[in-house]
Amino acid sequence: MQENGLLDLPIGAGVLLGGGERFRVVDTWFSYDDNGVFNIGLHIFLEPVTEEDDRLKQIDPAYFRDVPDA
């Protein structure tokens, strides 16, 4: 897997997509079956974060700024 540059995300890890959508990893599978439904490769299964588990919304926005408010 390391030779192909695959990133194994642990269950529970957060994923932030380019549009600001946030997901949580619920399972990961690696398949060697090139004739199966999933084909060869690493497959990450995601579910949308719940409101109470949305960690990015719980962080103070000032955390992401380079310069503090004047």
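All heavy atoms count here, side chains included; hydrogens, waters and symmetry mates do not.
The hydrophobic cluster containing Trp29 also contains Val26, counting ILVMFWY residues as joined when their side-chain heavy atoms lie under 4.5 angstrom apart, directly or transitively. There is no path of hydrophobic side-chain contacts, each under 4.5 Å, that joins Val49 to Val25. In the hydrophobic clustering of this structure, Ile44 groups with Phe30; members are Ile, Leu, Val, Met, Phe, Trp, Tyr whose side-chain heavy atoms approach within less than 4.5 Å, directly or through other members.
Here side chain to side chain donor-acceptor pair (under 3.5 Å) pairs that include residues 36-47, with residues two or more places apart or in two chains, number zero.
With sequence neighbours excluded, no residue forms a ring-ring contact (aromatic ring centres under 6.0 Å, His included) with Phe23. Residues forming a salt bridge (Lys or Arg N to Asp or Glu O under 4.0 Å) with Asp54 (at least two apart in sequence, or on another chain): Arg22. Annotation: side chain to side chain donor-acceptor pair (under 3.5 Å) contacts of Asn35 (sequence neighbours excluded): none.
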Return a table of donor-acceptor pairs under 3.5 angstrom between the side chains of residues 10-21 and protein atoms on other chains or two or more places apart.
none

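Atom CG in Leu46 sits 10.5 Å away from atom CZ in Arg24 (nearest 0.5 Å).
Residues Gln58 and Glu52 come closest through the heavy atom pair NE2-O, 3.0 Å.
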